[in-house]
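First comes the structure, then the notes that go with it.
Being a predicted model, the structure only gives us computed values, none of them experimental. We're numbering straight along the sequence, starting at 1.
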Amino acid sequence: MRKLFFVIAAVAAMCFAGISKGATPYKGPRIFWDLSSLSTVFSSGGYARMIQLQDKRLMAVCESGGINVATSSNRGRSWSSPRKIAINSNNVPNCTPDLIQLSDGTIIVAYNPRPSTPYTADRHFGIRCKRSTDNGRTWSSEIFVYDADTTFSDGCWEPTLLELPSGEVQLYYSDEGPYTSSSEQQISLCRSFDKGQTWSSPEKVSFRAGYRDGMPCPILLNGGDSIVLAIEDNGWSGYNDFFPTTVRCDLRTNWHDYYVNGSSSNRAKTLDLTYCPLAKGGAPYLRQMPSGPTILSYQSSYGRTGLTMRVAVGDEYARGFKALSSPFYAADGVEQLWNSLAIIDSSVVVAVCGQGGQIRMIKGYLCDQLQAPFAHPTVDGSVTATDGYLTTTGNQIKMGTTTGNTVRADFAYDADSLYFTAYVRDATRDKSGTQCDAVRLLLDANNICGTAIRSGMYSLLFRRDSTVQLQKGTINRWVSAESDAIHYAITNGSYSYTIEAAIPWSVLGKDTVPLDERMAAAVEVISVTGTTVQAETIPDVNSSRSRTYIELRLKPADSSTGIAAVRTTASLSATVRDGRATFRAPVPIRQIILSSSDGAEIARAKGSGTSLTIRPGVRGVIIARALLSDGTTASAKLSL
């Protein structure tokens, strides 16, 4: 019986270890959307696309009584007046433009003439383009690419462009032309070998019999060996809706005598089933960061009235998309249509959205690791550049697209504490009842990396009513803990509030600064308006599963010395009288910790001046370690 007990205990211990430690950490970046970067590209229009030109200007196109072009010389903060480069005529609106700048500087804009009723035999649904060889100052005459039939049911749609390393330019589009006796649709391709001046006959690259492959968006993967298209596919079993899908072809084949059918291994869903029905939707758009991750957008009505833009992050092979986010805040019922993405300055994602008849843009920043620099912020509820957070305005973390409230948060640390700050612009201040506007900081201080709440996890709720609630993790639940050691300040303005806090390492179970240890963190923002409570989290974060938090690393102040960046000096003097020890230093003393010769802590005290007196309460050899205001540490040995 005793043996059985130990076997059961051992199995239970292994199970506990498997739950609380050793789970695979979340891999891949999330996108932080910066509400302060929101701007209007076109005051009217729809279906916009954007690129960054070789001269670093941004160029955007949209449909608005023809095809309009605008440029920005300040990364999108303001835009030129739109210029119409393709005019509607003969009751044929020009729609759904796309643009590309080729390696030789040529700019091509492709678009889609769509005859209005009554249909006539001389007016076809088609694909056309125009070229500019002088950075958009002048544009060529209209160039023919392809014609489908003359009616809506047998038309062609949504051209999009790609340049290959060979110089070949490819134009993909949705094509009903071959299926005049059915409602099927394929993705077709036309090629140009003279920078868009002439185009080949169409070739089929993607077709699922009985269904409608549509809205292609191509990329050449960074390795240069594969072409990947994001398409909308309504043929997946069990969905009865469009689903963002990828089809692909290796560059050597380059679609010659090849297309992706409905059963091909080169056709794949972009999102895991666990995201469904959130993953349902159409109008996909695909881009790749120079650093590797792929970014996918699409429009979906899941969870709200009307379509909204969703963005997910995939790996360098355009697979495994996750970290879903909504770049634009909109009240329920306000739609965001025919969205797209651009990559600018190598590392910034730009989401482009049609909303309320306007074209809007917002910038996003990928993050797969949070950092805390060595600094000594003044905990006064007001962030300044001298506080020393990772960013001068404390905006390493950017949130707010769920609630519409601008949120920024950041970290720093010193030998005594982990510092956290958060700013929330929330005009609907509501402190009634038990609910209150608040920011919740979640910490995995011991690299639990678990799938359930465990010891070593911490939850700190900083409320707008100037209170803080600390909880520690235990087996599968949070328990309240004493928060008196946390030094914090919460300031309230008419439309915002700011939190600053110093969380002693001892509160997080640390005896020393965990400079070389993996930790993880997450932030949740709670907004209360009357009886309505909204909570916004970082994409894919589950507060009970620390494996979903973002890794948090402490940056050494001096990379050559590691934690010795908290420099040690010999500038601490000590005198003993009547059982009291008085310590003096050339700069103010922030804190002194007294330890016995075997390392056990005896006492600690905080100071503000250059001297500090402590009564240890014990006799024998004592080691004193002081943290000074200039970031150095000093030590002294004394005998009582």
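One finds the CD1 atom of Ile453 at 15.0 Å from the NZ atom of Lys472 (value rounded to the nearest 0.5 Å). How far CZ of Arg454 is from OG1 of Thr451: 7.5 Å, rounded to the nearest 0.5 Å. Taking OG1 from Thr529 and CG from Asp437, the interatomic distance works out to 7.0 Å, rounded to the nearest 0.5 Å. In this structure, the separation between CD1 on Ile592 and CZ on Arg590 is 13.0 Å, given to the nearest 0.5 Å. Note that the OG atom of Ser301 and the CG atom of Leu307 stand 5.5 Å from one another [nearest 0.5 Å]. Note: Tyr298 OH to Thr308 OG1 = 10.0 Å, rounded to the nearest 0.5 Å.
No more than 12 heavy atoms of other residues, nucleotides or ligands lie within 6.0 Å of CZ in Arg625, so this atom counts as exposed by the packing criterion. Counting heavy atoms of neighbouring residues, nucleotides and ligands inside a 6.0 Å radius, atom CZ of Arg425 does not exceed 12 of them.
Counting heavy atoms from C-beta on, the side chains of Val349 and Ile343 come closer than 4.5 Å. Considering only heavy atoms from C-beta on, Lys363 comes within 4.5 Å of Ile344 through its side chain. Side-chain contact between Glu551 and Arg518 is present, with heavy atoms from C-beta onward closer than 4.5 Å. Side-chain atoms of Val525 and Thr403, non-hydrogen and from C-beta on, never get closer than 4.5 Å to each other. In this structure, the side chains of Met399 and Ile538 come closer than 4.5 Å at one or more pairs of heavy atoms. The shortest side-chain heavy-atom distance between Lys606 and Asp416 falls under the 4.5 Å cut-off. For the pair Phe583/Leu594, a side-chain contact is recorded, criterion being any heavy-atom separation below 4.5 Å from C-beta on. At least one side-chain heavy atom of Val348 sits under 4.5 Å from a side-chain heavy atom of Tyr365.
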Please step through side-chain contact (heavy atoms from CB on, under 4.5 Å) for the pair Val541 and Arg30, ending with a clear verdict.
-> CA-CA 10 Å; Val541 164; Arg30 320 333 145 94; 3.8 Å; yes
Show your reasoning for whether side-chain contact (heavy atoms from CB on, under 4.5 Å) applies to Asn339 and Tyr285.
-> CA-CA 8 Å; Asn339 314 288; Tyr285 203 86; over 6 Å; no
Test log, rule side-chain contact (heavy atoms from CB on, under 4.5 Å), inputs Thr474 and Ser455 = CA-CA 5 Å; Thr474 184; Ser455 176; 5.9 Å; no
Run the numbers on Thr393 and Tyr423 for side-chain contact (heavy atoms from CB on, under 4.5 Å), then give the verdict.
-> CA-CA 10 Å; Thr393 56; Tyr423 165 89; over 6 Å; no
I would like to know whether Thr294 and Gln288 meet side-chain hydrogen bond (donor to acceptor under 3.5 Å, both in side chains); could you show each step before the answer?
-> CA-CA 4 Å; Thr294 44; Gln288 184 166 30; 5.8 Å; no
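Ser347 and Asp345 are not linked by any side-chain donor-acceptor pair at a separation below 3.5 angstrom, with hydrogens and angles left out of the test. For the residue pair Arg310 and Ser297, no side-chain donor N or O sits within less than 3.5 Å of a side-chain acceptor on the partner. Side chain to side chain, Asp426 and Ser527 meet the donor-acceptor criterion of an N or O pair below 3.5 Å. In the model, Glu500 has no side-chain atom that pairs as donor or acceptor with a side-chain atom of Thr421 under 3.5 Å. Side-chain N/O atoms of Tyr419 and Asp414 include a donor and acceptor closer than 3.5 Å.
For Arg604, the salt bridge (Lys or Arg N to Asp or Glu O under 4.0 Å) test picks out Glu601, with sequence neighbours left out. Remark: Arg545 pairs with no residue by the salt bridge (Lys or Arg N to Asp or Glu O under 4.0 Å) rule, at least two apart or across chains. Residues meeting the side-chain hydrogen bond (donor to acceptor under 3.5 Å, both in side chains) test with Asp410, sequence neighbours left out: Thr391, Gln396. Applying the salt bridge (Lys or Arg N to Asp or Glu O under 4.0 Å) test to Arg440 and every residue at least two apart in sequence or in another chain returns Glu524. For Tyr488, the side chain to side chain contact (heavy atoms under 4.5 Å, CB included) partners are Phe462, Val468, Ile486, Ile490, Ala501, not counting sequence neighbours. Applying the ring-ring contact (aromatic ring centres under 6.0 Å, His included) rule to Tyr389 yields no partners; only residues at least two apart in sequence or on another chain are considered. With sequence neighbours excluded, no residue forms a salt bridge (Lys or Arg N to Asp or Glu O under 4.0 Å) with Glu335. The side chain to side chain contact (heavy atoms under 4.5 Å, CB included) check on Lys322 picks up Tyr26, Tyr275, Asp540, with sequence neighbours excluded. The side-chain hydrogen bond (donor to acceptor under 3.5 Å, both in side chains) check on Lys510 picks up Asn446, Glu517, with sequence neighbours excluded. Under the rule for a side chain to side chain contact (heavy atoms under 4.5 Å, CB included), the partners of Pro293 that lie at least two apart in sequence or sit in another chain are Pro29, Met289, Ser291, Val313, Leu366. Evaluation of the side chain to side chain contact (heavy atoms under 4.5 Å, CB included) rule for Asp484 yields Glu482 as partners, not counting sequence neighbours.
The closest donor-acceptor contact from the side chain of Asp332 to the backbone of Arg304 lies at 3.5 Å or more, if one exists at all. With Ser483 contributing its side chain and Leu470 its backbone, the two residues share no donor-acceptor pair below 3.5 Å. Side chain of Arg408 to main chain of Asp34: no donor-acceptor pair is present (N/O by atom type, distance under 3.5 Å, no hydrogens or angles). Arg584 contributes no side-chain N or O that, together with a main-chain N or O of Ser573, makes up a donor-acceptor pair within less than 3.5 Å. When atom types are taken as modelled, the side chain of Ser459 and the backbone of Gln471 share no donor-acceptor pair closer than 3.5 angstrom.
Considering every non-hydrogen atom in both Ala520 and Ser546, the closest pair reads CB-O, 4.4 Å. The minimum heavy-atom distance between Arg360 and Gln358, with the atom names listed, is CD-OE1, 3.9 Å. Residues Ser326 and Trp33 come closest through the heavy atom pair O-CD1, 4.2 Å. For the residue pair Phe32 and Cys367, the shortest heavy atom distance occurs at CE1-CB, 3.6 Å. Here the closest heavy-atom approach between residue Gly400 and residue Glu536 is recorded as N-OE2, 2.9 Å. Here the closest heavy-atom approach between residue Ala412 and residue Leu418 is recorded as O-CD1, 3.4 Å.
Note: Tyr413 and Phe374 have perpendicular aromatic rings, judged against thresholds of 30 and 60 degrees for the angle between ring planes.
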Just list the side-chain donor-acceptor pairs under 3.5 Å for residues 377-388, sequence neighbours left out, or say none.
residue : atom : partner : partner atom : Å
Asp380  : OD1  : Ser382  : N            : 3.0
Thr384  : OG1  : Thr386  : OG1          : 3.0
Asp387  : OD1  : Thr378  : N            : 3.1
Asp387  : OD2  : Thr384  : N            : 3.0

